[in-house]
Visitor: 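I have a structure here, written as structure tokens, and I will follow up with some questions on it.
As the structure lists them, so they are numbered: ligands from 1, and atoms in each ligand from 1.
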Amino acid sequence: MERVSSLAGNGVFADDYRETPSWLDDVAPFTGGSAELPESTDVLVIGSGYTGLSAALQTARGGRKTVVIDSADMGHGCSTRNGGQISTSIKPTQEALAKMVGAEKARAVRQEGVNALKWIEEFIREEEIDCDFRRVGRFHAAHTPDHYEALVRTAEQGRREEGIESVVVPRSEQRRELGTDAYYGGVVYSRHASVHPAKYHRGMLNKVEAAGAVLVPHCEATGLIEEADCVRVVTAKGEIRARDVVVATNGYTTNLTPWLKRRIIPIGSYIIATEELAPDLVDELFPTDRIASDTCRVVYYYRASPDRKRIVFGGRVSADEVDPRISGPLLHRDMARIFPQLRDVRISRSWHGTVAYSFDELAHIGSRGRVHHALSYCGSGVSMASYLGMRTGQKILGSAEGKTGFDGMPFPTRPFYTGNPWFLPWIVSWYRWRDQQECRKALKTRG
Ligand SMILES: Cc1cc2nc3c(=O)[nH]c(=O)nc-3n(C[C@H](O)[C@H](O)[C@H](O)COP(=O)(O)OP(=O)(O)OC[C@H]3O[C@@H](n4cnc5c(N)ncnc54)[C@H](O)[C@@H]3O)c2cc1C
């Protein structure tokens, strides 16, 4: 049996181990906000992640009285928990999407991924948000030779038909990108970027507060009652009347909005940060400072922290939802399989968050009466949530700029699905089994 780690049981946890995102170590606790909920407002935003804040920034700056509430701390959801990897965020290929909605609509939807990536860089620069944004590029690694061939074909097609910049990296040159021999080459998407998720969130929060919005943490919305001229929202801190409501709850969507809950598949995503590493080791593992991901069905994503002191490694390591104390060692095992250099390195942080998938693997933006939504980023929401939040705010302001390529797309559900993804453990187990089989087969043929 291959020796993956010498750190058994609790030995895998560093002395400073905690189950909070490592990103929160770099931002002071948020002490602003209001304990009181106003009785009325123009716009009520439910959820204080990137989607909600980005919508609020538009409406507050557009002169609408805006209130943002969250059931927990501001930014409690994925927006302070993610891996900080920024891509074009659209999962289906042009070919697959064209089969669903026709070639022209497919192009319009895919273009929004490019727009979101471009927009977030401009937004961070223009707003002067200090959040370690870097256009480092992504190394997308193939876990088998067949996947490498497929990656090369997709990259060529993307360059030819959509102008997506990419560079093919064969296995013989892989060490230039990543300090591992576990993969069979890959493709660098040079326009993809990295960010410090919590610094970015805090920067946005400060902007929203400065724009005059009222921020109310620990204020769960529990009821929506639509009336002729407003929506009455029942919350833990009393009732508020709003002309428009933005539901920005993504993976944390509850029965507050059963229509959305029926369309969202909540999935836990798990992540660890290592203890501090020697600079030479980080340079060996991430010589170009790119973000990285792989072609496994149950994908791994990882990077060096912005200060290049730790490795932040994420993925889905269990069929069921588990505690970070369980997922941490499992992620460590998989990290050490890719980077044997890390097998004796301990974990300082282990945490998770709940992302939202949709049945068509697309983000969705829309309105039902006075209630607007933007969500289901399928695990890639740093740029898309910010971008579609912004567009939602513009829609509420009645601005023509608020139009998106997603407008008018159906938001599918499945018969009898009410928001409990009972089928997930089976699917995850099946995907993981197939990934493992493929890796074993590839290893045998490597000789
Ligand atoms: C571990 C992990 C790694 C990830 N890595 C990446 C990555 O590298 N790149 C990438 O692009 N994306 C990544 N993502 C996904 C990305 O973080 C999300 O898509 C994005 O943050 C979604 O933002 P949001 O504002 O829509 O939702 P969230 O930030 O999740 O915010 C939703 C908020 O709604 C609140 N809420 C819910 N219901 C109510 C209610 N009834 N009343 C009041 N408040 C309510 C919640 O408390 C929560 O704060 C990752 C996610 C996780 C968990």
Visitor: Looking only at protein heavy atoms, which one is nearest to atom 22 (C) of ligand 1, and what is the separation?
Guide: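 Ranked first by proximity to atom 22 (C) of ligand 1 is N250 ND2, 3.6 Å.
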Visitor: Which protein heavy atom lies closest to atom 17 (O) of ligand 1, and at what distance to 0.1 Å?
Guide: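 Protein heavy atom at minimum distance: N82 CB, 3.1 Å.
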Visitor: Would D70 count as being in polar contact with ligand 1, using the rule that some N or O on each side must be under 3.5 angstrom apart?
Guide: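 Yes - when backbone and side-chain N and O of D70 are compared with those of ligand 1, one distance drops under 3.5 Å.
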Visitor: Compute the shortest N/O to N/O distance between D73 and ligand 1 and return yes if it is under 3.5 Å, no if not.
Guide: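 Among all N and O atoms of D73, none is under 3.5 Å from an N or O of ligand 1.
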Visitor: Checking the N or O distance criterion of under 3.5 Å, is ligand 1 in contact with G77?
Guide: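 Between G77 and ligand 1, an N or O pair is found under 3.5 Å apart.
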Visitor: For W119 and Y387, take the angle between the two ring planes, folded into 0 to 90°, and tell me which bin it lands in: parallel under 30, tilted 30 to 60, perpendicular over 60.
Guide: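 Ring orientation of W119 relative to Y387: perpendicular.
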Visitor: Is the ring pair H143/H147 parallel, tilted or perpendicular, if the boundaries are 30 and 60 degrees?
Guide: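 The arrangement is tilted - the two ring planes meet at 30° to 60°.
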Visitor: I'd like to know if G84 contacts ligand 1, where contact means a heavy-atom distance under 4.0 Å to any ligand atom.
Guide: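 Heavy atoms of G84 do come under 4.0 Å of ligand 1.
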Visitor: Does the side chain of H192 pick up a donor-acceptor pair with the side chain of S87 at under 3.5 Å?
Guide: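 S87 and H192 do not have a side-chain donor-acceptor pair below 3.5 Å.
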Visitor: Looking at W430, is R432 sitting on its ring face, NZ or CZ under 6.0 Å from the six-membered ring centre and within 45 degrees of the normal?
Guide: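 No, a cation-pi geometry is absent between R432 and W430.
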Visitor: Pair F133, Y200 - check ring-ring contact (aromatic ring centres under 6.0 Å, His included), show working.
Guide: CA-CA 9 Å; F133 178 93; Y200 174 50; 8.6 Å; no
Visitor: Distance to 0.1 Å, residue and atom name: give those for the protein heavy atom nearest to atom 24 (P) of ligand 1.
Guide: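 Looking at atom 24 (P) of ligand 1, the protein heavy atom closest to it is T51 OG1, 3.4 Å.
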Visitor: We want to know whether Y189 and T88 form a side-chain donor-acceptor pair, criterion being a heavy-atom distance below 3.5 angstrom.
Guide: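 There is no such pair (donor and acceptor under 3.5 Å, judged by atom type) between the side chains of Y189 and T88.
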Visitor: Would you mind running through ligand 1 and noting each atom that sits below 4.0 Å from a heavy atom of R81?
Guide: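 Counting atoms of ligand 1 from 1, those under 4.0 Å from R81 are 1 (C), 2 (C).
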Visitor: Among S79, G83, G381, G379, which residue places a heavy atom closest to atom 23 (O) of ligand 1?
Guide: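 Shortest heavy-atom distance from atom 23 (O) of ligand 1: S79.
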Visitor: Just go through Y302, Y301, W351, Y50 and tell me whose heavy atom is the nearest to atom 1 (C) of ligand 1.
Guide: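 Looking at heavy atoms only, the winner is Y301.
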Visitor: Only heavy atoms count here, so choose which of A221, G49, S293 is nearest to atom 41 (N) of ligand 1.
Guide: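 Checking each option, the heavy atom nearest atom 41 (N) of ligand 1 is found in A221.
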Visitor: Looking at ligand 1, is there an atom of it that comes within less than 4.0 Å of some heavy atom belonging to I86?
Guide: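 Distance cut 4.0 Å: I86 fails for ligand 1.
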Visitor: Counting only nitrogen or oxygen atoms and a 3.5 angstrom limit, does V382 reach ligand 1?
Guide: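 Yes, at least one N or O pair falls under 3.5 Å.
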Visitor: Out of all atoms in ligand 1, which are within 4.0 Å of some heavy atom of I46? Include the element for each.
Guide: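 Those atoms are 40 (C), 42 (N), 43 (C), 44 (N).
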Visitor: What protein heavy atom lies closest to atom 9 (N) of ligand 1? Include the residue and the distance to one decimal.
Guide: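 Among all protein heavy atoms, the one nearest atom 9 (N) of ligand 1 is Q85 O, 2.6 Å.
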Visitor: Using a heavy-atom cut-off of under 4.0 Å, does the side chain or the backbone of T249 touch ligand 1, or both, or neither?
Guide: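 For T249, backbone and side-chain atoms both sit under 4.0 Å from ligand 1.
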Visitor: If the plane angle is over 60° it's perpendicular, under 30° parallel, otherwise tilted; pick one for H196 and W23.
Guide: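 Ring orientation, 0 to 90° scale: perpendicular.
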Visitor: Under 4.0 Å between a side-chain nitrogen and a carboxylate oxygen: does that hold for D25 and R349?
Guide: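 Looking at D25 and R349, the cut-off is met.
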Visitor: Below 4.0 Å from ligand 1: does a non-hydrogen atom of H352 turn up there or not?
Guide: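 Outside the 4.0 Å threshold, so no.
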Visitor: Taking non-hydrogen atoms only, is Y252 closer than 4.0 angstrom to ligand 1 via side chain, backbone, both or neither?
Guide: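 Both backbone and side chain.
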Visitor: Report the part of A248 (side chain from C-beta onward, or backbone N, CA, C, O) that has a heavy atom under 4.0 Å from ligand 1; answer both or neither where that applies.
Guide: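 For A248, only backbone atoms sit under 4.0 Å from ligand 1.
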Visitor: Going by the order shown, which atoms of ligand 1 are within less than 4.0 Å of some heavy atom of S269?
Guide: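 The atoms of ligand 1 under 4.0 Å from a heavy atom of S269 are 1 (C), 2 (C), 52 (C), 53 (C).
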Visitor: Flag the pair D244 and R370 as a salt bridge only when some basic side-chain nitrogen lies within less than 4.0 angstrom of an acidic carboxylate oxygen.
Guide: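 R370 and D244: not salt-bridged.
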Visitor: For atom 18 (C) of ligand 1, what's the nearest protein heavy atom and its distance?
Guide: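 Nearest neighbour among protein heavy atoms for atom 18 (C) of ligand 1, to 0.1 Å: C78 CB, 3.8 Å.
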Visitor: Please determine which of E39, E227, E226 meets the salt bridge (Lys or Arg N to Asp or Glu O under 4.0 Å) test together with R241.
Guide: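 Exactly one pass, corresponding to E227.
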Visitor: Given S54, G389, S376, S71, identify the one with the heavy atom nearest to atom 39 (C) of ligand 1.
Guide: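 It is S71 whose heavy atom sits nearest to atom 39 (C) of ligand 1.
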Visitor: List every atom of ligand 1 that sits less than 4.0 Å from any heavy atom of V355, numbering the atoms from 1 in the order shown and giving each element.
Guide: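 The list of qualifying atoms is 51 (C), 52 (C), 53 (C).
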Visitor: Quick one: do R303 and D289 make a salt bridge, cutoff under 4.0 Å?
Guide: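 Result for this pair is no, no salt bridge flagged.
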Visitor: What's the shortest distance from atom 34 (O) of ligand 1 to any protein heavy atom, and which residue and atom give it?
Guide: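 Among all protein heavy atoms, the one nearest atom 34 (O) of ligand 1 is G47 CA, 3.4 Å.
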Visitor: Any salt bridge linking E162 with R110? Criterion: basic side-chain nitrogen under 4.0 Å from a carboxylate oxygen.
Guide: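 Answer for the salt bridge query: yes.
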Visitor: Whether D334 and R337 form a salt bridge (side-chain N of Lys/Arg under 4.0 Å from carboxylate O of Asp/Glu) is what I want to check.
Guide: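 Answer for the salt bridge query: yes.
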Visitor: Please work out which of the three classes, parallel, tilted or perpendicular, describes the rings of F313 and Y302, given edges at 30° and 60°.
Guide: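 Taking F313 first and then Y302, their aromatic rings lie parallel (interplane angle under 30°).
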Visitor: Using the six-membered ring wherever Trp is involved, compare the ring planes of Y417 and F359 and label them parallel, tilted or perpendicular (cut-offs 30° and 60°).
Guide: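 Perpendicular.
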Visitor: With heavy atoms of G353 as the reference, note each atom of ligand 1 found under 4.0 Å away.
Guide: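 Listed by number with element: 53 (C).
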